[in-house]
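In each ligand, atom 1 is the first atom listed, and ligand 1 is the first ligand listed. Just the heavy atoms: all of them, side chains too, but no hydrogens, waters or symmetry mates, feed the values below.
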Amino acid sequence: MAQTLFSNCRIFDGSKKRTYAGEVLLQGNRIKKVWNGKGAKIRASNAKVIDCGGATIMPGLTDAHAHLSLMGATTLTHPGDTPVEEMIYGTMHNAKTVLDYGYTSVYSGFSSKPRVDVVIRNEIEAGRIPGPRLLASSPIMAVTGDFTDARQMHMYHDSVTIFVDGPIEMRRRCREMIREGVDHIKLTISGDEFGTPHARAEMLTTFEDEVREACAVAHSRGKEVVAHARAAEAIKIGLKHGVRVFYHCDFADEEALDMLEAKKKEIFVVPTPSSTYITATESEEWGFTPDVVEYMNLPRKMAISKKTIKEIHRRGIKTLPGGDWGFAWTPHGQNSRDYELFRDFYGIPVADTLRAGTMYGGQLMGMGDELGQIKAGYLADILMIDGDPIKDVSILQDIDKILMVMKNGEMHRAPDARKLAQRRRSVAAE
Ligand SMILES: [Zn+2]
């Protein structure tokens, strides 16, 4: 099996909160050996050697809350108005974009139409289109009048949701989605400010018997449930019935925090600061004027979310980046802004979020023993970065600084030999 040696590199391995000098040897699609220390030590006579010129080798990133089927949406009805043919192509392009930026794994936060994630996942897995490892979601399963319900009497508007009311209907629609091939069911258990004022973030929208049935169906088929849960009660009900991934969690009260902490080995929290912070502060041209932002309660939500997410992280609950990218004001490709937002908005150190976006990302993908770390035996999902992302995480947003993207041992973006030579010369001159 072909061997490749990355020499003269710094390593961020996904588990430690620092980088160190070393070497990484690959065999086929897996990491065979990692050496920690200065100077060439791994002897592999047949290996193709890539001298990294001091660049950083790190695991591929995971986006824990992605919507690859959002194509610059300005409203939740935008995807509803997009025909499925256009959506498939748009989603395919978005899958390539996030992989270009180093996202080798994506956990979908919803598919805008029932089979879009599924088809894109299958095409990627078959090697016919470039894209990350993708866990495919259902559309949002939500009750009538929840925040994504854009329908009006006499005027039907589709959005990103399958509307279900009552436990029996929930059973049927979840079984249907599993039949169509999704990896997980997406629920909204609480409301949100994006949409109808009758379903605010603190309100419970989907009832316990409906959540219970969605979870029972998913678990009976070996699938899992991910939930939009801003309200305290939504988190508690979700935990009770075995939801594995919780989005947002802004209004978690003391009891909800204790319950999350008690299950911290099994669950993941993905707060998505972009959906509040960027919407509230940078998106006036998309209609989020100060009046609208105030009406949507975003300043209050930001203040509460800052406090809650900081506490969730302090309690050692896995807090992952992934931020609802794909709206017009949060385009795909900017995903790594999450690392800065986690630092600036929640006060979470960059090194912690980088571990979450790599090592915990592998766990979220259900592959924690072989994905998300630079470690012997792990799959070769590897990035080469021009600089140290712990010292300056903004470089992950710069495509020119992402020198290489490898997924499953295959080059998606190979390093440019001239760029590496330049790097070696400039390091030597220092
Ligand atoms: Zn979302």
Checklist entry - Between the Zn ion (ligand 1) and His228, is there an N, O or S atom separated by less than 2.8 Å? => result no
Answer key: the N, O or S atom of Asp324 nearest to the Zn ion (ligand 1) is OD1
Across all chains, not counting sequence neighbours, the ring-ring contact (aromatic ring centres under 6.0 Å, His included) partners of Phe251 are none
Vertex the Zn ion (ligand 1), ends His65/NE2 and His67/NE2: angle to nearest 10° comes to 90°
Residue pair Ser112 / Ser69, side-chain donor-acceptor N/O under 3.5 Å: yes
Report yes or no: is the cationic atom of Arg314 (NZ for Lys, CZ for Arg) closer than 6.0 Å to the six-membered ring centre of Tyr346, at no more than 45° off its axis? no
Contacts satisfying salt bridge (charged side-chain N to carboxylate O under 4.0 Å, His left out) that involve residues 126-151 (not counting sequence neighbours) are Glu123-Arg128, Arg133-Asp381, Asp149-Arg151
